[in-house]
Undergrad: 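The structure under discussion is supplied below as C-alpha cells; questions concerning it will follow.
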Amino acid sequence: MTEQIHARLLPIFNQVIQRNAGEGEFHQAVKEVLVSLGRVVSKHPEYAEQGLIERLCEPERQIIFRVPWIDDEGKVHINRGFRVQFNSALGPYKGGLRFHPSVNVGIIKFLGFEQTFKNALTGMPIGGGKGGSDFNPRGRSDHEIMRFCQSFMMELHRHIGEYIDVPAGDIGVAGREIGYMFGQFKRLTNRYEAGVITGKGMLYGGSRARTEATGYGTVYFVERMLATRKLTLEGQRAVVSGSGNVAIYTIKKLTELGARVIACSDSNGHVVDEDGIDLALLQEIKEQRRERISHYAKARGGHVKYIEGGSIWQGPCTIAIPAATQNELHEQDAKELVKNGLIAVGEGANMPSTPEAIHVFQEAGILFAPAKAANAGGVATSALEMQQNASRDSWTFAETDARLATIMRGIHDLCFETAEEYGVPGDYLNGANIAGFIRVAEAMKALGVI
Ligand code: GLU
C-alpha cells in the first residue's frame, strides 16, 4: 500500500481536486508532495498555518490565450496558449514552454507545480512557472514554426520579463523556437532584454552547456547516488527512453563515464543496439534530419532491432533513465526492471514514473532519483544563463559544466540529508519534496500572506 495523505492536509487535497476538476496529472503531482509533507507538519505544525500549503497549491496567475496562425497552404489554425505563473517567492517565475498536442491546463499546472520545488532545490533565485501550447510541431515547415512562435509571443510578451517571468524550452521547444520567440519579443518591445528567455543561441546571449545540462545533470546525480553504495557507472548497462534533448545528452554523458546505453525510443517505438547507441548517428537523425527513431535502426544496419509499440523497459539493464514524458513507466515495467537486475533510476523527464512504479522501486530498495531533483540541471543552467546575461558575461564550457556538476552534487546531498533528518534514509523522493518545500515555505513565510 502506498502512503496516504496526513489528516491535516487532506482538506487541502480535496479542495485541489474540486477546484481543478479533471486535471489528473496535477492531482497526481500535488498528492505526491502532500504525502511527503505529512512528515513535515507532524514535526513543524507551523508550516500548515497561514494557509501556506493551500497557497502553494494555487497558482499565483494562470494565463490562457488564443494563438492563430496560417500554414503554408494558407489555412488558418487556432491553438491554445498557456502560461501558469505558479510561485514567485524565491524569484521571477521560471520554467519551460512545451509545444505538444497533449498540452492542456492540467498538464501545464502539474509541470508548474513541480517546477516550483525543482527550482527551489537548485538553491538559485528562481520561482516556478510553465507554459506551452497544444500546437503539434511534427511535420511543420520551418516557416510554419516561425509563424506559430511569433503569434504565440504576440500574447506572451505582455506577461514576461527578466524580473517577471523567464520561459525556456521543454518538449517541442529548443534552440530554433527560442530564437524565433526571442526575435519577436525583441521586435515587440524594442528592447534587447536577453534575460527574458533562456536556452538562447550563443550569438544572442545563450549559455554554453545549457543544451547538454538536463541530460548531463541527471547523470551527475545518478553517479553521486551510486557512490553512496560504492558503485560507479563503469560497465553499467543502461536504457534511456526518449530521443530528444534530455535523452541525447544523457546517453552522451553515460557513455563518456563508461556505461553502455543499449536502447532509446520515440513515441512510436524503441531501438535496441547491443553495441551501444551510436550518438553521432542518433544526433544526425533527431537534430538535423528530424526523423523518427526507426530510421536509426535502418541506418545502423543488421544487429539493431526496432520494436514498434511495446515497452522499452522489458529488457535487462542496471540503470534506467526515463527521459521521454510523464507517466511513461508503469508498475509492470518497474516489476520487470527489478526482476532483471536494476540498480538505479534517474528521472530525466518530468514525472515519468507512475506512483505505482515508484512504489515498486522503493520496496525493492532501488536507488530512485525523482525528477524534481535529478533533472534540475537544465533549469539550474538556465539560471546560470540569466546570471551571465545580467553581468553581460559569457563563461567557458568547462566553467559552466563545473558549476552544473557542483549544483547537482549539492541537490543530491540536500535530498539525501533531508531524507535522513525526516526518518526515511535513502528515500530521495521524500528528501526532494521536503527540502524543496522548506525553501519555498520559508520564503513565503517571510513575505507575508500575499
Ligand atoms: N523545461 C525544463 C524543465 O523542466 C527547463 C526549464 C528552464 O530552463 O527554465 O525544468
Side-chain angles (χ1 to χ4, degrees), residues 25 29 82-88 90-100 103 107-122 124-133 156 160-162 164-175 177-178 181-182 194-201 205-218 221 242 244-250 322-326 328 346-352 369-389 400 403-404 407-408 411 432 436:
E25 290 83 1
F82 303 90
R83 188 71 184 167
V84 173
Q85 299 179 327
F86 222 103
N87 193 294
S88 61
L90 291 171
Y93 310 106
K94 180 83 196 89
L97 298 169
R98 177 176 291 192
F99 291 171
H100 191 270
V103 163
I107 296 273
I108 299 299
K109 245 186 250 175
F110 118 65
L111 290 164
F113 181 76
E114 291 267 307
Q115 197 83 45
T116 301
F117 297 90
K118 182 195 305 192
N119 295 4
L121 286 171
T122 67
M124 310 188 82
I126 41 178
K130 202 86 184 193
S133 173
L156 189 70
I160 61 176
E162 75 175 299
I164 304 168
D165 182 356
V166 184
D170 196 82
I171 295 172
V173 177
E177 292 75 19
I178 296 291
M181 285 191 276
F182 180 62
V196 72
I197 195 163
T198 62
K200 300 181 293 296
S207 170
R208 293 192 176 83
R210 176 62 191 90
T211 311
E212 294 82 355
T214 314
Y216 279 21
T218 303
F221 193 104
N245 171 269
V246 181
I248 286 174
Y249 292 99
T250 297
T325 194
Q326 67 273 355
E328 55 160 305
E347 292 194 318
N350 290 313
M351 206 168 77
K372 287 182 193 78
N375 75 31
V379 75
T381 308
S382 278
L384 298 178
E385 181 172 333
M386 290 160 74
Q387 217 171 304
Q388 291 168 82
N389 293 150
T400 319
R403 288 190 192 226
L404 166 65
I407 293 167
M408 295 314 296
I411 298 173

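Note that ligands are numbered from 1 as they come in the structure, with each ligand's atoms numbered from 1 the same way.
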Undergrad: Looking only at non-hydrogen atoms, find the nearest pair between Ala373 and Phe221 and report the distance.
TA: CB-CE1, 3.8 Å
Undergrad: Tell me yes or no: between the side chains of Asn350 and Lys372, is some donor less than 3.5 Å from an acceptor?
TA: no
Undergrad: If you take all heavy atoms of Tyr93 and Gly128, which pair is closest and at what distance?
TA: CD2-O, 3.6 Å
Undergrad: Give me the pairs of N or O atoms, one from ligand 1 and one from the protein, that sit under 3.5 Å apart.
TA:
unit_1	atom_1	unit_2	atom_2	d
ligand 1	1 (N)	Lys130	NZ	3.3
ligand 1	1 (N)	Gly169	O	2.9
ligand 1	1 (N)	Asp170	OD1	2.8
ligand 1	4 (O)	Lys118	NZ	3.0
ligand 1	4 (O)	Lys130	NZ	3.0
ligand 1	4 (O)	Asn350	ND2	3.2
ligand 1	8 (O)	Arg210	NH2	2.9
ligand 1	8 (O)	Ser382	OG	2.5
ligand 1	9 (O)	Lys94	NZ	2.7
ligand 1	10 (O)	Gln115	NE2	3.0
ligand 1	10 (O)	Lys118	NZ	2.8

Undergrad: For residues Asn87 and Thr116, report the shortest heavy-atom separation together with the two atoms involved.
TA: CB-CG2, 3.6 Å
Undergrad: To the nearest 0.5 Å, what is the distance between OG1 on Thr381 and CZ on Arg210?
TA: 6.0 Å
Undergrad: Can you list the residues that meet the side chain to side chain contact (heavy atoms under 4.5 Å, CB included) rule with Val166, with sequence neighbours excluded?
TA: Lys94, Thr198, Met386
